[in-house]
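Here is the structure we will look at, set down as structure tokens.
Source: prediction; values computed, not measured. All chains are named by letter (A, B, ...) in the order of the sequence lines, taking the proteins before the strands, and each is independently numbered beginning at 1.
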Amino acid sequence: MKKDAARATQPGRNEVPRQPKGYSFFQDVYDVVRQVPKGRVTTYGAIANYLGTKLSARMVGWAMNGAHNIKPKVPAHRVVNRNGLLSGKMHFATPTQMQELLEKEKIAVSEEKVVAFESLFWDPVTQLTM
DNA sequence: AGCCTGACTTTGT
DNA sequence: GACAAAGCCAGGC
């Protein structure tokens with residue numbers, strides 16, 4: 001990742017504020033995603049990194065697999081892959097829903113891709129850990 | 001208990 | 001620059 005703008009993660013980062021036992025990995029993911037400000041987007045890697053499992057961004061996406069059943073609404077539409085591509089749109093009720101929601105938040109989407117994604121990028125590690 | 005899968009990311013050829 | 005492979009870890013079967 002050379003998109004330094006996107007990754008403000010320093011090597012000397014502190015320990016990860018993990019949730020106490022009893023909390024599922026999923027809960028952490030949902031919690032972070034819910035904290036994403038409206039009009040902003042984040043990536044699986046950023047969330048994973050925040051959770052300390054940056055090496056397994058898959059888990060983040062995987063966790064979202066159950067995001068449809070959890071009670072609070074999870075703005076999964078604000079979560080895209082590191083390319084700003086709406087990779088998970090197909091997992092929504094409708095593939096277009098994700099883009100609809102993004103555009104609704106003034107986030108321009110072009111061909112399944114977030115425009116100015118890096119500008120709208122919201123890194124939990126940078127925003128929540130400081 | 002063990003194998004498979006997965007909405008990703010990075011690195012190597 | 002494009003393609004291929006590996007790594008990650010937790011949930012599901």
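- Residues A/Tyr44 and A/Asn81 share a closest heavy-atom pair of CE1-N, 3.4 Å.
- A 4.5 Å side-chain heavy-atom check between A/Thr42 and A/Val33 finds every atom pair outside the cut-off.
- Pairs engaging residues 65-74 of chain A under the side-chain hydrogen bond (donor to acceptor under 3.5 Å, both in side chains) rule: none recorded [sequence neighbours left out].
- What separates NE2 of A/His77 from C1' of B/dA7 is a distance of 15 Å, to the nearest Å.
- Across all strands shown, A/Asn81 has heavy atoms under 4.0 Å from sugar-phosphate atoms exclusively, and none from any base.
- Residues that satisfy the side chain to side chain donor-acceptor pair (under 3.5 Å) test with A/Gln97, not counting sequence neighbours, are absent from this structure.
- In this view, A/Glu105 and A/Arg78 satisfy the salt bridge (charged side-chain N to carboxylate O under 4.0 Å, His left out) rule, not counting sequence neighbours.
- Only A/His91, A/Phe92, listed by number, bring a heavy atom of residues 91-99 of chain A to less than 4.0 angstrom from any atom of DNA chain B.
- Using a 4.0 Å heavy-atom criterion, one finds that A/His68 contacts the bases of the nucleic acid, with or without backbone contacts as well.
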Exercise. Reading nucleotides 1-7 of chain C 5' to 3', which nucleotides get B (base under 4.0 Å from a protein heavy atom), which S (sugar-phosphate only), which -?
Worked result: ------B

For nucleotides 10-12 of chain C, give me every protein contact, N/O to N/O, under 3.5 Å, one pair per line with atom names.
residue: C/dG11; atom: O4'; partner: A/Trp62; partner atom: NE1; Å: 3.4

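- With rounding to whole Å, A/Asp123 atom CG is found 15 Å from B/dC8 atom C1'.
- Residue contacts for A/Ala76: at a heavy-atom cut-off of 4.0 Å it reaches a base atom on one of the strands shown.
- Side chains of A/Leu102 and A/Leu86 form a contact here, defined as non-hydrogen atoms less than 4.5 Å apart.
- Between A/Tyr50 atom OH and A/Asp28 atom CG the span is 8.0 Å, to the nearest 0.5 Å.
- Considering NZ of A/Lys38 and CD1 of A/Ile107, their distance stands at 9.5 Å, rounded to 0.5 Å.
- To the nearest angstrom, C1' of C/dC8 lies 16 Å from CD1 of A/Ile47.
- Side-chain contact check for A/Val80 versus A/Leu85: every heavy-atom pair is 4.5 Å or farther apart.
- Remark: the separation of the C1' atoms in B/dA7 and C/dC3 is 22 Å, to the nearest Å.
- Two residues are said to be in side-chain contact when any heavy atoms from C-beta on lie closer than 4.5 Å; A/Asn83 and A/Lys113 fail this criterion.
- The CG-C1' distance, from A/Asn49 to C/dC8, rounds to 13 Å in whole Å.
- Side chains of A/Gln27 and A/Asp31: no donor on one and acceptor on the other come within 3.5 Å.
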